[in-house]
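Inspection log for the structure reproduced underneath, given as structure tokens.
Side-chain atoms are counted along with the backbone in the values below, which use heavy atoms only and exclude waters and symmetry mates. FYI, the numbering just counts along the sequence from 1.
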Amino acid sequence: MIEPRKIIIFVFVLVLLFYTCRLLYATRNKNDKAYVFIIMICGLSLSSIATFLDIIAKIINDQAVYNVLRLCFTLGSIFYIIGIILWSGLTKAMIEELEQIASTDPLTGALNRNGLEKKFQELIKKEKSFFLCVCDLDGTKSINDTYGHIEGDKFISNTVNLMVGLVEAKGWVSRTGGDEFIILFEDDKELEIERFLGIIREKVKCFYPQENVGISVGYAHFPEDGQDLELLAKTADMRMYEDKKTK
């Protein structure tokens with residue numbers, strides 16, 4: 001007599017096999033992920049053979065069937081466990097990739113507002129002083145009107161690349177608006193931040209010497225000017241507009 005419990009297990013393995021095949025189909029264009037599902041499918045295929053043989057083993061009552069059953073179950077379990085381990089690693093990498101996407105500006109690769117807030121909290125936990133700089137490009141509209149929006153995007157991207165290259169390991173650059181940026185500068189020396197911003201001013205002007213482009217900047221110091229992101233950004237923003245008025 002066939003045991004219902006074994007039939008249920010066999011059906012469950014088949015359903016899992018079918019679902020894994022669908023995942024393989026969904027990742028058919030991603031060779032770096034497909035191999036994981038192939039390994040899992042091999043394991044589930046062997047397990048489905050083992051569960052089917054387990055159903056009919058008593059009916060046939062042949063030792064060879066039991067031997068094949070044990071072999072398929074053992075190999076199937078090994079393959080499936082390997083697949084699960086690899087899938088866990090892929091899942092972790094995918095989560096990290098999604099977190100990176102969620103924290104990054106798609107145009108420039110700089111941090112977005114979400115990424116900025118995370119880095120700000122990391123700096124707060126270090127309990128060290130630092131500067132928050134607000135930067136606003138001057139002349140972006142002129143570039144867009146004269147050369148087109150693609151060139152305007154290049155102007156923004158080139159500025160971010162410049163900032164990132166100058167900041168290096170001392171901080172992070174974020175794009176918070178169209179041509180607006182916030183830099184977290186992990187240094188407590190005002191002379192250093194002034195030197196840093198002075199270099200940015202001069203190099204941005206060189207992008208389009210024939211156009212009246214530039215960058216307005218303002219900065220605030222943690223914890224003297226505030227202890228939260230909003231207050232520091234507000235203070236730096238006011239100083240940035242003061243800088244803009246002088247041009």
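- Atom NZ of Lys205 has 12 or fewer heavy atoms from other residues, nucleotides or ligands within 6.0 Å.
- How far CD1 of Ile193 is from NE2 of His221: 9.5 Å, rounded to the nearest 0.5 Å.
- Between Gly83 and Ile39, the shortest heavy-atom distance links the atoms N-CG2, 3.9 Å.
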Review point. Do Met40 and Ile84 pass the side chain to side chain contact (heavy atoms under 4.5 Å, CB included) test, and can you show the C-alpha distance, the side-chain angles, and the key distance before you say yes or no?
Key: CA-CA 7 Å; Met40 292 173 69; Ile84 289 294; 3.8 Å; yes
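- Not a single donor-acceptor pair under 3.5 Å links the side chain of Asp54 to the backbone N or O of Ala50.
- Counting all heavy atoms, side chain and backbone alike, Leu46 lies closest to Gly76 at CB-CA, 3.7 Å.
- In terms of hydrophobic clustering, with Ile, Leu, Val, Met, Phe, Trp and Tyr side chains grouped at heavy-atom distances under 4.5 Å, Phe155 and Ile200 are assigned to a common cluster.
- Interatomic distance, Glu186 CD to Lys119 NZ, rounded to the nearest 0.5 Å: 10.0 Å.
- When all heavy atoms of Gly226 and Leu231 are compared, the closest pair comes out as CA-CD2, 3.7 Å.
- Checked for salt-bridge contact, Lys126 and Glu122 miss the test: no charged N lies under 4.0 Å from a carboxylate O.
- Surrounding NZ of Lys6 are more than 12 heavy atoms belonging to other residues, nucleotides or ligands, all under 6.0 Å away.
- By the criterion of side-chain heavy atoms lying less than 4.5 angstrom apart, applied directly or through intervening Ile, Leu, Val, Met, Phe, Trp or Tyr residues, Val167 is not grouped with Leu232; the two fall into different hydrophobic clusters.
- Residues Leu69 and Ala57 share a closest heavy-atom pair of CD1-CB, 4.5 Å.
- Taking the charged nitrogens against the carboxylate oxygens, Asp138 and Lys244 do have a contact shorter than 4.0 Å, which makes a salt bridge.
- Each of Phe130, Phe196, Phe131, Tyr219 was evaluated against Phe185; a single residue qualifies, Phe196, per the ring-ring contact (aromatic ring centres under 6.0 Å, His included) test.
- Side-chain contact, Thr176 with Glu180: no donor N or O sits under 3.5 Å from an acceptor N or O.
- Put simply, the residue from Val164, Thr108, Leu137 that forms a side-chain contact (heavy atoms from CB on, under 4.5 Å) with Thr159 is Leu137.
- To the nearest 0.5 Å, the span separating OG on Ser157 from CG on Asp105 amounts to 8.0 Å.
- When each of Phe79, Trp87, Tyr19 is paired with Phe37, the ring-ring contact (aromatic ring centres under 6.0 Å, His included) condition holds for Trp87 and for no other.
- For the pair Leu86/Leu90, no side-chain contact is recorded, criterion being any heavy-atom separation below 4.5 Å from C-beta on.
- Atom OH of Tyr66 is surrounded by more than 12 heavy atoms from other residues, nucleotides or ligands within 6.0 Å.
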Exercise for review: Go through the steps for Phe222 and Glu224 under the test side chain to side chain contact (heavy atoms under 4.5 Å, CB included), then give the verdict.
Suggested key: CA-CA 5 Å; Phe222 174 88; Glu224 292 176 4; over 6 Å; no
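- In this structure, CG in Leu53 is found 11.5 Å from CD1 in Ile59, a value given to the nearest 0.5 Å.
- Counting non-hydrogen atoms of neighbouring residues, nucleotides and ligands closer than 6.0 angstrom, the CZ atom of Phe73 reaches no more than 12 such neighbours.
- Contact between Val134 and Ala236 at its shortest, heavy atoms only, is CG2-CB, 3.5 Å.
- Counted within 6.0 Å of CG on Asp145, heavy atoms from surrounding residues, nucleotides or ligands total more than 12; the atom is thus considered enclosed.
- Within the model, atoms CG of Asn112 and NZ of Lys118 stand 8.5 Å from one another, a figure rounded to the nearest 0.5 Å.
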Exercise for review: For ring pair (Phe, Tyr, Trp, His ring centres under 6.0 Å), just list the numbers for Trp172 and Phe120, CA-CA rounded to whole Å, side-chain angles, deciding distance to a tenth of an Å, and then say yes or no.
Suggested key: CA-CA 9 Å; Trp172 298 272; Phe120 183 82; over 10 Å; no
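- Heavy atoms of other residues, nucleotides or ligands lying less than 6.0 angstrom from CD of Glu230 number 12 at most.
- Under the 4.5 Å side-chain heavy-atom criterion for Ile, Leu, Val, Met, Phe, Trp and Tyr, Ile82 and Ile85 are members of distinct hydrophobic clusters.
- One finds the CD1 atom of Ile56 at 12.0 Å from the CG atom of Asn61 (value rounded to the nearest 0.5 Å).
- The shortest distance between side-chain heavy atoms of Phe207 and Val204 falls below 4.5 Å.
- Each of Ile199, Leu197, Leu191 was evaluated against Arg195; a single residue qualifies, Ile199, per the side-chain contact (heavy atoms from CB on, under 4.5 Å) test.
- A single hydrophobic cluster is not seen to contain both Met240 and Met163; linkage of ILVMFWY side chains at heavy-atom distances under 4.5 Å, directly or through other members, places them apart.
- Asn158 contributes a side-chain N or O that, together with a main-chain N or O of Lys154, makes up a donor-acceptor pair within less than 3.5 Å.
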Exercise for review: For side chain to side chain contact (heavy atoms under 4.5 Å, CB included), just list the numbers for Ile182 and Arg113, CA-CA rounded to whole Å, side-chain angles, deciding distance to a tenth of an Å, and then say yes or no.
Suggested key: CA-CA 9 Å; Ile182 288 181; Arg113 184 75 185 190; 4.2 Å; yes
Point to revise | Test log, rule side chain to side chain contact (heavy atoms under 4.5 Å, CB included), inputs Leu17 and Ile41 | key: CA-CA 6 Å; Leu17 175 60; Ile41 287 170; 3.9 Å; yes
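- The environment of CG in Leu98 is crowded: more than 12 heavy-atom neighbours from other residues, nucleotides or ligands sit within 6.0 Å.
- Residues Asp243 and Arg201 are paired through a salt bridge, judged by an N-O separation under 4.0 Å between the basic side chain and the carboxylate.
- Counting heavy atoms from C-beta outward, Ile183 and Cys135 have side chains that approach closer than 4.5 Å.
- With hydrophobic clusters built from ILVMFWY side chains whose heavy atoms lie under 4.5 angstrom apart, Val217 does not share a cluster with Leu184.
- Scanning all heavy atoms of the two residues, the minimum distance from Ala34 to Leu24 falls at O-CD1, 3.6 Å.
- Residues Thr146 and Tyr208 are not in side-chain contact: their nearest non-hydrogen atoms beyond the backbone lie 4.5 Å or more apart.
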